[in-house]
Amino acid sequence: MKKTLVILAGFMMLMASCGGDDINPQTPPAPDKPEQEENNGNENQGGNENESGNEGTVTYGTLKSYIDRSKHPDFQLGVAMGAWEFMSNQSMRAIAIDNFDNMTPGNEMKYNTVVRDNGSMDFSTVKTLIDNARKAGINVYGHTLAWHSQQNVTYLNSLLGDIELDDSEAKEETKELVSNSACGPEDMTCFLMNAGDGKFVSPLVVEPGADGTGHALMVPAKDKVKDDWDNQFFLSVSHTFRKGEAYSLRMKIKAAKAATVDIQAHSKAGNYIHYDIAGGKMSFTTEWTEFYFEGVIPDEADGMTCIAWNLSKFPEANDYYFDDIQLTVTTKYSGSRPQTAEEKRDTLIYAMDKWIKGMMEACGGYVTAWDVVNEAIAGNGNDGSGNYPLQHGSNGQNFFWQDYMGDELYVRKAVELARKYFAENGGDPDKLKLFVNDYNLEGDWDGNKKCTSLVNWIKKWESDNVTKIDGIGTQMHVSCSMNKSTQASREAAVENMFRILAASGKLIKITELDVGITDAAGNTIMTKNTTKIHQQAIADYYKFIINKYFEIIPKAQQFGITIWSPTDSPADSFWRAGEPIGLWDQHYTRKPAYDAVAEALKANLQ
C-alpha cells in the first residue's frame, strides 16, 4: 500500500539552517534565512510514490515507534521547523508529534528575533511555543544562545560606541609615532629619500650619531636641476593627522654646508597637500643643532601622514644629517572617548547576561538541551597549535562576540550563564545538556580537520576546570554523489568524523541532518529531475549516516539525531531551494528516505 501521511493542509515553510561563511561546495549550508512563505508544492517533482516505486513495498510505522525506550531511554529523535508551523500547520504538527521526540525551532530562539534595536526583548513567541510543546508532550531543543549570525547588529554596535565624558573626565593622550627615533639600521619604515633621481629609497645610515655614538641618517642631495623638490627627505608614519590635532616635531640636524630648506605636508611620500608644516622651514648648520616645533595641524594639512623636506631649496649638492627624530600627536578627549578593549568586553558580558537570562526565564526550565555556542570554528587558518582558529571579523551582517570577548571567555561565559539561569528558572541542573554545534565536521577536503579542531578547542575551553561542555553537535547538511569515488571519499570522511567525535567522550548529536544529491560532475540534482535511482541513493546515504552513527558512537554518547528538513525544499525556498532533501515530499508523502531512516532506527534502536 502507499505510505502516505494523512494531512490537513498542503504547505510547508522551510526555515533556514546554520551554515557558515566558508561552506564547501559539496555541502550547501548558508546563514539562517527568514521563514519561507506558503508553498503548494511541485506537481511534477521527482521522487513521488509512483516514480519512486513505493507501491507494494513494506509499510513502516512512525519513526519514533522504532525506538525501544527500555534500551535507549535517553536517545532523542528530533525534527526542525518554524514555531508557527508547529503551532498552526496541522500537517507539520502531526509530523512532529507522531514521529519525533523533540523539535528545533528554526528562528524563534535566535538573538535578532527577540532583541530589538533599543535592546528590549520580546519572548512572547518563545513562551507560546514552550506552552504549546508542553501540552503536546514534545520536547524543544534550544537553538541557539551564542552565535555570530542573525544578531541585532544595530543594538550590539550601539553598545560599543564612544563614552560621553564630563569636563572633569576630559584627558589628553600623547603618542610617539616614529618607530626608530635613534635612526639605527634595523628599522627604516618611517624614512625615505629622493636623492635627485626620482626614486624613493631608504636614506643612508652613518656613524656616529649626534652625541658621538650610535647612528644618524644621511641624505646626499645632488645639485638642483629644476625644482626645489628634486632632492627630498621624508618622514612617514602610520597615523593620519586630522585638522586641529596637536603635534610636535623634535630632531637633531646638521649639513655639510649651511642651508635653509622648506618643510611640507604630504598625504603620503610624494603626494603634496600643504606648503606649511612645522613652521615651513628648517635651517641647517655644519654643527649638530636641535630643532623643535609644536603646533596644531592646519585645515589644509588634514590627512597628512608624511612630512617632506625639499632639500633642493638650497640649490647646491649637500649632505644632510638627521638624528633623534621624534614626532608626536596629542589627542584630547573632551565630549567623548572610545571604549577601551576591557570596557567593550565587559559591555558584551552584560549584553550576553541579559540575553541568556531572558531566554532561560522564558523557557522556565522546560528546554533541557541547547546549542550553547553555534558555528564558532573557522574552516581554515591556524590558531598557533595546528587547529583552525575561531571565526572573526564583525561586519554589517555578522557580529562576532569573540572579537571583543576573546576566544576563550566568549564560550566560557555563555556556558556559565546558561547553567546559572537555567537553574534559577526551574531547571534541574543535572538534566541540562549544553552542545557546541558546527558544520562541515564531515568534510573530506581537509581530513576532518575542522572536527579535530573543534574537539581540541573544547579541551582548551574546559581547561579552566570550571567550564563543562556536555556534547558536540554535527550539523551534516550533506549531499550524496553519483560519482562513486567522490561518494566513497565522503563516506570515509563521515566514518572518520564519528571516530573523532567518539574519542572526545562527549555526547554526540546530529543536529541538522538533510541529504541532497549531485551528479557525477558535482552539479546539484533538483527534485523535479530526480529518478528512482536518485531517490534511492539519497535514502541509502541517510541510512549509511545513521547506521555509522550507531556503529561508531558508543551507546552512552548517543544523544540524538535531528532531521532538519522533513519535506523536500520548495523551489522558491531560501534553504537548498528545489532540492529533494526531505523524508516526505511536498505533498507529505513518505519517500524512500523515510523508509531508510525507519529501517536504520529499527536496526539500531530495538
Side-chain angles (χ1 to χ4, degrees), residues 18 32 83 104-130 139-160 344-376 390 394 398-438 458 461-462 464 466-471 473 511:
C18 298
D32 293 42
T104 303
N107 289 302
E108 289 77 12
M109 300 178 99
K110 291 172 181 171
Y111 192 85
N112 72 342
T113 305
V114 171
V115 180
R116 305 295 181 249
D117 289 351
N118 63 0
S120 63
M121 299 185 294
D122 181 2
F123 289 100
S124 58
T125 301
V126 174
K127 293 177 181 178
T128 302
L129 172 63
I130 297 301
N139 298 323
V140 174
Y141 184 82
H143 178 73
T144 174
L145 293 177
W147 195 24
H148 62 267
S149 186
Q150 289 190 249
Q151 304 298 291
N152 189 314
V153 177
T154 298
Y155 170 63
L156 291 172
N157 282 334
S158 75
L159 294 179
L160 303 179
K344 290 181 178 180
R345 176 200 65 201
D346 292 345
T347 297
L348 288 184
I349 290 174
Y350 155 79
M352 181 180 281
D353 186 291
K354 177 183 175 183
W355 154 245
I356 294 179
K357 179 181 180 181
M359 180 60 75
M360 290 302 179
E361 288 176 347
C363 294
Y366 187 73
V367 182
T368 59
W370 289 85
D371 289 333
V372 64
V373 175
N374 195 44
E375 298 178 358
L390 265 62
S394 298
N398 295 321
F399 187 93
F400 291 88
W401 296 67
Q402 57 266 38
D403 285 358
Y404 308 97
M405 295 179 67
D407 292 348
E408 296 179 17
L409 182 61
Y410 164 59
V411 174
R412 288 172 177 170
K413 183 58 68 172
V415 171
E416 172 195 334
L417 295 173
R419 294 195 184 282
K420 174 184 177 181
Y421 290 121
F422 177 79
E424 289 183 6
N425 288 279
D428 181 348
D430 293 335
K431 294 182 178 180
L432 179 62
K433 305 300 178 186
L434 300 179
F435 288 76
V436 175
N437 186 46
D438 223 316
I458 290 175
W461 292 324
E462 292 185 327
D464 62 354
V466 175
T467 303
K468 179 187 177 184
I469 295 167
D470 300 291
T511 53

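Side-chain contact of T511 with N437: a donor-acceptor pair under 3.5 Å is present, judged by distance alone.
The salt bridge (Lys or Arg N to Asp or Glu O under 4.0 Å) search around E408 returns R412, not counting sequence neighbours. Partners of K413 under the side chain to side chain donor-acceptor pair (under 3.5 Å) rule, at least two apart in sequence or in another chain, are E416. For D428, the side chain to side chain contact (heavy atoms under 4.5 Å, CB included) partners are D430, K431, not counting sequence neighbours. Residues passing the side chain to side chain donor-acceptor pair (under 3.5 Å) test with N425, sequence neighbours excluded: none. Taking D371 as the reference, nothing meets the salt bridge (Lys or Arg N to Asp or Glu O under 4.0 Å) condition, with sequence neighbours excluded. Scanning for salt bridge (Lys or Arg N to Asp or Glu O under 4.0 Å) contacts around D407 gives an empty result, with sequence neighbours left out. Remark: Q151 pairs with W401 by the side chain to side chain donor-acceptor pair (under 3.5 Å) rule, at least two apart or across chains. Residues forming a side chain to side chain donor-acceptor pair (under 3.5 Å) with Y111 (at least two apart in sequence, or on another chain): none. With sequence neighbours left out, the side chain to side chain contact (heavy atoms under 4.5 Å, CB included) criterion links K127 to F123, A362. S158 is linked by a side chain to side chain contact (heavy atoms under 4.5 Å, CB included) to Y155, counting only residues two or more places apart in sequence or in another chain.
More than 12 heavy atoms of other residues, nucleotides or ligands lie within 6.0 Å of NZ in K344, so this atom counts as buried by the packing criterion.
For the pair E108 (side chain) and A83 (backbone), a donor-acceptor distance under 3.5 Å is present. A donor-acceptor contact shorter than 3.5 Å is absent between the side chain of T113 and the backbone of M109. Between the side chain of R419 and the main chain of K468, a donor-acceptor pair closer than 3.5 Å is present. A distance-only check finds a donor-acceptor pair linking the side chain of D470 to the backbone of L434 [under 3.5 Å].
Proximity of V373 to L145: side-chain heavy atoms (C-beta onward) are nowhere separated by under 4.5 Å. By the 4.5 Å heavy-atom criterion applied to side chains, F399 and W147 are not counted as neighbours. Side-chain contact between I469 and V411 is present, with at least one heavy-atom pair separated by less than 4.5 Å. At least one side-chain heavy atom of L348 sits less than 4.5 Å from a side-chain heavy atom of L156. For the pair N139/T368, no side-chain contact is recorded, criterion being any heavy-atom separation below 4.5 Å from C-beta on. In this structure the side chain of H148 never reaches within 4.5 angstrom of the side chain of D403, judged on heavy atoms. Y404 is listed as a side-chain neighbour of L160, based on a closest heavy-atom distance under 4.5 Å. In this structure, R116 and D122 have side chains that are in contact, with non-hydrogen atoms separated by less than 4.5 Å.
Across all non-hydrogen atoms, the minimal contact from S149 to N398 is CA-OD1, 3.7 Å. Nearest heavy atoms, G142 versus V367: N-CG1, 3.5 Å. Y410 and A146 get closest at one heavy-atom pair: OH-C, 3.4 Å. Here the closest heavy-atom approach between residue L159 and residue A351 is recorded as CD1-CB, 3.7 Å.
Pairs passing the side chain to side chain donor-acceptor pair (under 3.5 Å) check and including a residue from residues 345-355, sequence neighbours excluded, read Q339-T347, D353-Y421. Residue pairs that meet the salt bridge (Lys or Arg N to Asp or Glu O under 4.0 Å) test with at least one member in residues 142-158, sequence neighbours left out, do not exist here.
With N152 as reference, D117 is the one residue of D117, N157, N118 to meet the side chain to side chain donor-acceptor pair (under 3.5 Å) rule.
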